[in-house]
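Some notes on the structure that comes next.
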Amino acid sequence: MSEEKKQNYSADSIQALEGMEHVRMRPSMYIGDVGVRGLHHLVYEVVDNSIDEAMGGHCNEIQVWINEDNSVGVRDNGRGIPVDIHKKEGVSALEVVMTKIGAGGKFDKDSYKVSGGLHGVGVSVVNALSDDLKATVYRDGKVYEQEYKKGKALYPVKETGTSDLRGTEVTFKPDPTIFEDTVFSYETLTDRMRELSFLNKQVRITITDHREKDEEGNSISKEFYSTEGLKEFVRYIDETREPLIAEIIHMEGERNGIPVEVAMIYNTSYSENIHAYVNNINTHEGGTHLSGFRRGLTATLKKYAETSGMLEKLKFEISGDDFREGLTAIISVKVQEPQFEGQTKTKLGNREVTAPVSQAVSEMLTNYLEEHPADAKIIVQKVILAATARHAATKAREMVQRKNVMTGSGLPGKLSDCASKDPVECEIYLVEGDSAGGTAKQGRDRHFQAIMPLRGKILNVEKAMQHKILDNEEIKNIYTALGVRIGTEEDARALNIEKLRYHKIIIMCDADVDGSHIETLILTFFFRYMFELVEKGHVYIATPPLYLLKKGKDQKYCWTDEERDETIQEFKGAGKEGSVHIQRYKGLGEMNAEQLWSTTMNPEFRTLRQITIDNAASADHTFSMLMGDDVPPRREFIETNAKYAKIDI
Ligand code: 0RA
């Protein structure tokens with residue numbers, strides 16, 4: 001920092017400036033990462049402030065928009081950030097909020113502040129990481145504004161006019177020297193806004209993308225408004241599943257000063273879909289609130305089943321899992337000082353939260369069971385069926401486990417393992433079909449690339465019971481090859497990930513409709529049973545080329561239709577006689593080993609699509625739709641996405 005700058009700031013401002021410098025030096029400490037995730041986190045941070053304002057009852061509309069230059073605007077109709085001079089700092093409160101790390105809302109004792117992003121860092125962090133940011137406040141009949149560059153105010157807050165409006169508007173453009181990529185995804189933001197509208201009912205949230213126009217020339221846009229909150233959230237997630245009971249079970253209230261809201265339903269599927277939120281953040285790793293939910297659910301249902309005498313003939317114990325088969329549930333708690341633990345800091349640690357959630361669930365469920373005896377019976381029957389199936393599954397699991405212990409000699413016969421034993425450098429290709437598997441085996445670098453062919457269609461795990469899944473030859477092979485354990489009885493998705501034998505798991509399918517269906521089946525399996533691998537970024541999709549273009553001695557692989565058309569022009573432009581020969585690759589089998597290696601497997605030239613989970617609840621909805629019985633919505637999805645031919649979950 002130069003002497004000159006120092007002179008212009010008070011001691012506190014110097015600290016503030018250093019805070020802002022620190023954010024720019026170590027952005028990941030504040031926003032997690034500087035990739036696509038971190039980029040979108042900036043928007044969530046700004047929106048969270050408006051959500052806070054809504055939760056305090058001061059605002060009911062939030063607008064978010066992406067501009068053509070990839071800057072993003074967020075506007076609410078709240079009270080507006082105060083602009084009067086902050087006593088201690090000697091500058092406008094707005095400037096303090098915008099430029100001082102950790103200042104956000106500290107001087108606002110009245111508002112109900114529990115939100116504030118995963119890292120709870122505040123809008124000043126967004127400012128520090130933006131090339132340009134502009135804040136506009138509509139308050140007391142006036143309009144005020146201030147602009148910043150890389151977090152530094154360009155001028156003191158100024159009054160720019162009069163207005164009857166109320167609220168705050170922030171527009172910012174992320175700094176491209178900090179972020180790997182500064183292009184916002186409309187889909188990612190849309191998923192989050194939908195989720196926020198369910199979690200904060202009766203707030204109108206709109207998202208608009210000015211980069212994309214519809215047929216009439218209007219920017220594409222979506223509006224979310226939820227009257228019933230979590231109840232509607234459950235209905236949305238289970239849209240294409242068949243309900244087992246008449247109504248969504250729902251409760252909302254406060255226990256020991258902790259606001260708790262829960263909504264749940266049983267459906268005819270066999271998967272467990274519980275999404276637990278703390279202060280609007282999806283806590284993937286669970287924690288005390290989830291334990292409270294499970295405890296309340298198990299205790300209440302068990303008691304009911306025992307009292308009703310329905311368990312008399314059952315010869316074995318019912319386990320926790322059995323109560324959650326075919327269950328879709330959302331839990332949302334608001335915690336004043338959340339302790340986030342776990343590897344991705346998405347596990348709630350606060351002990352005091354378990355009992356209130358457990359009590360709330362018990363009361364809610366007890367009431368429902370008493371008022372709906374027919375549904376109660378159906379639920380208990382489903383639990384008994386799950387327990388019976390699990391009993392069979394335990395045997396299947398033991399079989400696979402035993403095989404796992406023998407690892408080395410016990411690897412699947414179909415696996416062509418690699419020479420290296422260092423998981424960090426090792427990759428496994430899960431290849432559609434034996435023949436393509438053979439080609440991949442010839443083409444690979446056997447030092448670090450393992451190949452395992454998968455035969456035919458892999459089981460649709462959305463529609464099969466657990467013991468069937470664990471009995472499936474292909475699925476057993478995947479577990480054994482990867483070296484991970486099949487989940488424990490308490491948690492079907494808990495893997496011993498430290499035993500993972502390959503840090504890259506690459507799904508390689510034909511570039512046709514069947515191939516993309518198989519890809520989706522495999523992804524569904526990973527999402528439901530090996531979530532941790534997806535979450536930690538171990539799962540990838542290989543991208544074989546779609547075309548090989550030849551003219552004379554020139555040849556070029558193309559991955560998209562646009563690329564193909566450009567190459568045709570390029571080849572024609574070269575002026576040589578003769579026509580361009582176009583080969584469309586329909587399957588991996590049409591390539592020889594060398595071609596497959598150079599286009600799709602050689603790390604120097606290949607493109608791998610890493611599968612990431614932006615939004616678990618939205619992915620849940622997508623997978624149940626893609627893999628469920630409901631054919632029309634599936635068709636619509638595949639058609640609307642055919643253009644991009646990609647599946648991001
Ligand atoms: C502190 C005090 C007051 C409003 C806010 C913060 C506020 C912050 C944000 C951020 C985005 N939108 C916002 N809206 C309001 C107002 C206190 C008062 O008027 O008495």
Side-chain angles (χ1 to χ4, degrees), residues 16 20 30-31 40-65 71-130 132-148 151 153 157 159-160 163-172 189 192-193 196-197 199-200 202-207 279-281 334 336:
M20 298 292 268
Y30 296 85
I31 53 160
H40 289 79
H41 194 91
L42 299 180
V43 182
Y44 307 154
E45 202 62 57
V46 178
V47 172
D48 271 337
N49 290 297
S50 300
I51 291 280
D52 270 346
E53 194 65 0
M55 291 198 322
H58 306 294
C59 117
N60 60 5
E61 264 186 51
I62 302 172
Q63 290 161 294
V64 180
W65 63 94
S71 61
V72 162
V74 176
R75 176 171 182 157
D76 66 53
N77 64 347
R79 295 167 297 174
I81 301 178
V83 290
D84 46 333
I85 299 297
H86 190 262
K87 283 201 194 78
K88 190 166 149 267
E89 305 290 335
V91 294
S92 160
L94 173 62
E95 182 165 338
V96 178
V97 171
M98 288 297 169
T99 59
K100 202 169 170 196
I101 300 303
K106 255 192 196 156
F107 46 93
D108 180 25
K109 294 191 182 59
D110 133 81
S111 102
Y112 189 59
K113 266 207 170 14
V114 292
S115 176
L118 179 50
H119 306 269
V121 288
V123 69
S124 53
V125 166
V126 178
N127 197 10
L129 301 176
S130 294
D132 304 288
L133 186 143
K134 180 176 172 183
T136 312
V137 169
Y138 302 83
R139 203 177 149 93
D140 305 326
K142 301 203 176 87
V143 186
Y144 304 88
E145 75 175 52
Q146 188 168 39
E147 287 173 88
Y148 319 81
V157 172
E159 205 184 300
T160 58
S163 169
D164 294 337
L165 298 171
R166 254 172 19 121
T168 306
E169 180 175 319
V170 172
T171 308
F172 66 97
L189 294 180
R192 177 61 179 157
M193 296 312 130
L196 279 174
S197 86
L199 292 165
N200 303 279
Q202 288 153 36
V203 182
R204 193 169 307 281
I205 306 180
T206 60
I207 165 97
N279 305 346
N280 294 330
I281 298 153
K334 303 278 160 72
Q336 285 292 335

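Remember, it's 1-based here, ligands and their atoms both numbered in the order they're listed. Quick note: residue numbers are just sequence positions, from 1. This structure is a prediction, so every number in the text was calculated from the model and none was measured.
- The proximity of Arg139 to ligand 1, defined as any non-hydrogen pair under 4.0 Å, is limited to the side chain.
- Close approach of ligand 1 to Thr168 (heavy-atom distance below 4.0 Å) involves ligand atoms 12 (N), 13 (C), 14 (N).
- Phe172 pairs with exactly one of Leu133, Asn127, Asp132 by the side-chain contact (heavy atoms from CB on, under 4.5 Å) rule, that one being Leu133.
- Nearest-heavy-atom check against atom 12 (N) of ligand 1 across Asp76, Ile62, Asp48 picks out Asp76.
- Looking at Gly122, Pro82, Ala93, Cys59, it is Pro82 that brings a heavy atom closest to atom 3 (C) of ligand 1.
- At least one side-chain heavy atom of Tyr30 sits less than 4.5 Å from a side-chain heavy atom of Ile101.
- Shown in contact with Asn49 at under 4.0 Å from a heavy atom are these atoms of ligand 1, numbered in order with element: 10 (C), 11 (C).
- Screening Leu165, Thr168, Thr171 against Arg75 for a side-chain contact (heavy atoms from CB on, under 4.5 Å) leaves a single residue, Leu165.
- Atom OG of Ser163 is separated from atom NZ of Lys142 by 12.0 Å, given to the nearest 0.5 angstrom.
- Here the closest non-hydrogen pair linking Glu95 and Tyr148 is CA-OH, 4.5 Å.
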